[in-house]
Peer 1: 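This is the structure I have questions about; it appears just below.
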Amino acid sequence: MTTHTTRRVALLTTLVAAAGLLAGSPAAAQMEVTCSLNAAAVRVCASPEDVRAGRVQERFPLHEIFHADGTKVGEIYVARKPGAAIYVEHWVMYPGYEYPDRIRPAAVQRFRSEQDFLDHVAFGAGYRYVRWDVVEQGTIPGRR
C-alpha cells in the first residue's frame, strides 16, 4: 500500500468516525471500520449490516489474527460461497500464536482466491497450518 493510499485510508476512517458523532452515535464513532482495497485500489468497506448478517467472510475472505499486544500472529482464509453452510477455513498461525487471539477482516485483501492464499501465504519455521471443514447448523446435535 502506498503512503498516499494509507493517508486516504486514515482520512476515510476519520470521516466515518466524525459522521458517527455528527449523527449522534458515539458507538458508531468508536466502531472499527472494516475495509479492504480491491484489485482496482478502490476502498471497499463492510457495513455494520454486513457484520451483523455474517456477510463479512463472503466479502472479506482474508482475516488476520492479532495477539493482545497488537502483534500479528496469523492469517485465515475463509473459502465460503454466499449463504453456504458448508465451507473451509485455512489457518496459518505464526510462531507467536496463542489461543485466544483477536481475529478481524484484513485491511487489505491480498489474495485473489483460496488457491492464491495457499500458494503465497507466508509460512516458515515454527508456523502451523490448520484446515477447518465447517458445517454450520441451526441446532445442536441431540437437542430438539
Side-chain angles (χ1 to χ4, degrees), residues 1-21 25-143:
M1 189 178 321
T2 66
T3 302
H4 182 69
T5 302
T6 303
R7 287 184 186 141
R8 285 188 301 177
V9 168
L11 177 60
L12 178 60
T13 302
T14 303
L15 290 173
V16 168
L21 281 175
S25 173
Q30 294 173 1
M31 174 183 70
E32 185 173 323
V33 179
T34 303
C35 299
S36 71
L37 294 175
N38 68 15
V42 174
R43 192 156 179 80
V44 179
C45 296
S47 69
E49 293 78 27
D50 282 337
V51 174
R52 283 192 293 277
R55 291 187 297 259
V56 173
Q57 289 179 345
E58 295 165 9
R59 292 188 56 208
F60 302 92
L62 181 64
H63 291 67
E64 296 173 322
I65 309 169
F66 292 89
H67 189 59
D69 67 4
T71 305
K72 184 174 164 183
V73 292
E75 297 184 83
I76 303 167
Y77 191 90
V78 181
R80 182 179 192 176
K81 294 193 180 357
I86 299 173
Y87 56 95
V88 175
E89 293 183 6
H90 301 280
W91 288 51
V92 172
M93 298 168 290
Y94 304 168
Y97 174 83
E98 294 176 7
Y99 182 84
D101 280 320
R102 183 174 179 209
I103 299 170
R104 65 177 183 237
V108 176
Q109 299 291 306
R110 300 184 322 276
F111 303 102
R112 294 181 312 273
S113 67
E114 177 180 14
Q115 191 60 52
D116 189 35
F117 175 82
L118 293 170
D119 290 344
H120 297 103
V121 68
F123 198 83
Y127 283 50
R128 295 173 285 158
Y129 169 80
V130 175
R131 176 188 166 118
W132 294 76
D133 292 301
V134 180
V135 178
E136 289 186 3
Q137 301 178 54
T139 61
I140 296 177
R143 286 194 191 174

Peer 1: Which atom names give the shortest non-hydrogen contact between Ile65 and Asp101, and what distance separates them?
Peer 2: CG2-CB, 3.5 Å

Peer 1: Going by atom type alone, with no hydrogens or angles, which donor-acceptor pairs under 3.5 Å involve a side-chain atom of residues 91-99 and a protein atom two or more places apart or on another chain?
Peer 2:
unit_1, atom_1, unit_2, atom_2, d
Trp91, NE1, Glu89, OE1, 2.9
Tyr94, OH, Glu75, OE2, 2.9

Peer 1: Quick one: pull up CZ in Arg143 and CD in Gln137 and give me the separation to the nearest 0.5 Å.
Peer 2: 12.5 Å

Peer 1: Considering all heavy atoms of both residues, which atom of Phe66 and which atom of Val73 are nearest to each other, and what is their separation?
Peer 2: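 For Phe66 versus Val73, the nearest heavy atoms are C-CG2, 4.1 Å.
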
Peer 1: Using the test side-chain hydrogen bond (donor to acceptor under 3.5 Å, both in side chains), find all partners of Ser113 that sit at least two apart in sequence or belong to another chain.
Peer 2: none

Peer 1: Not counting sequence neighbours, which residues clear side chain to side chain contact (heavy atoms under 4.5 Å, CB included) with Arg131? List them please.
Peer 2: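 Arg131 satisfies side chain to side chain contact (heavy atoms under 4.5 Å, CB included) with Val88, His90, Tyr129, Asp133 once adjacent residues are dropped.
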
Peer 1: Let me confirm one number: the OH-CG distance from Tyr77 to Asp116, rounded to the nearest 0.5 Å.
Peer 2: 8.0 Å

Peer 1: For residues Gln109 and Pro61, determine if any side-chain heavy atom of one lies less than 4.5 Å from a side-chain heavy atom of the other.
Peer 2: yes

